[in-house]
Amino acid sequence: MAPFEKSMEMMPFKQRKCLETRKDEVCTIRSKFPNKLPVIVERYFREKTLPLLNKTKFLVPFELTLGQFLCLLRNKIDLDSSKTLFLLVAEKSMSCMSSSMGDIYSHHRDADGFLYITYASQEMFGAPGRGCRAVPA
């Protein structure tokens with residue numbers, strides 16, 4: 001992949017396409033797939049350990065829960081079981097994992113019609129080499 005293409009890929013979706021183009025895209029998607037929700041999933045810009053997904057657009061059923069969607073993303077990223085994956089909805093909130101994607105979409109969709117979800121990791125149980133020292137009793 002050319003360096004320019006790679007930098008475009010790392011640029012947020014909203015910056016790659018203008019508002020009108022995104023709105024048209026949502027209209028097309030919703031007319032072709034009326035029972036699916038258009039979702040954009042991107043890596044948090046400061047995330048260093050997780051790889052980029054090979055695609056950012058997902059079509060998700062209304063009844064799928066956020067927890068099920070999280071499992072789908074974990075499988076796509078091939079994430080080690082000792083790592084946590086956090087999802088931020090609309091770049092600002094963590095939603096309940098039992099909420100349906102339809103409910104989340106109705107409350108948090110963007111003006112362009114997409115639901116934006118950002119993923120990030122967090123070391124669980126401490127990072128290697130940064131363990132706490134035991135204090136003698």
Within the structure provided, determine whether [X] and [Y] are in side-chain contact (heavy-atom separation under 4.5 Å).
X     : Y      : answer
Val39 : Tyr105 : no
Leu87 : Leu66  : yes
Leu88 : Tyr119 : no
Lys23 : Thr28  : no

Which pair of heavy atoms, one from [X] and one from [Y], lies closest together, and at what distance?
X     : Y      : value
Pro38 : Gly113 : CG-O, 3.7 Å
Leu37 : Pro61  : CD1-O, 4.4 Å
Leu70 : Met97  : CD2-SD, 4.2 Å

What distance do [X] atom [atom1] and [Y] atom [atom2] have between them, rounded to the nearest 0.5 Å?
X      : Y     : atom1 : atom2 : answer
Ser106 : Phe62 : OG    : CZ    : 9.5 Å
His108 : Ser99 : NE2   : OG    : 8.0 Å
Glu25  : Lys57 : CD    : NZ    : 3.5 Å
Leu73  : Leu79 : CG    : CG    : 10.0 Å
Leu72  : Leu64 : CG    : CG    : 7.5 Å
Cys27  : Arg22 : SG    : CZ    : 13.0 Å

Pair Lys14 + Asp112, salt bridge at N-O below 4.0 Å: no
SB check Glu42 Arg16 (cutoff 4.0 Å): yes
Side-chain donor/acceptor of [X] to backbone N/O of [Y], under 3.5 Å:
X     : Y     : answer
Thr21 : Lys17 : no
Gln15 : Pro12 : no
Arg43 : Leu50 : yes

Pairing residues for Asp103 by the salt bridge (Lys or Arg N to Asp or Glu O under 4.0 Å) criterion, not counting sequence neighbours: none
CG/Asp78: more than 12 non-hydrogen atoms of other groups inside 6.0 Å: no
Verdict with supporting geometry, Lys55 and Val41, side chain to side chain contact (heavy atoms under 4.5 Å, CB included): CA-CA 8 Å; Lys55 67 178 191 170; Val41 180; over 6 Å; no
Worked check of side chain to side chain contact (heavy atoms under 4.5 Å, CB included) between Tyr44 and Phe86: CA-CA 10 Å; Tyr44 180 62; Phe86 291 101; over 6 Å; no
Polar side chain donor-acceptor pair, Ser121 to Thr49, under 3.5 angstrom: yes
Chi angles and distances behind the side chain to side chain contact (heavy atoms under 4.5 Å, CB included) call for Ile117, Phe69: CA-CA 11 Å; Ile117 295 180; Phe69 189 64; 3.9 Å; yes
Side-chain cluster (under 4.5 Å, hydrophobic types only) that Ile40 belongs to, other residues: Phe13, Val26, Ile29, Phe33, Leu59, Phe114, Tyr116
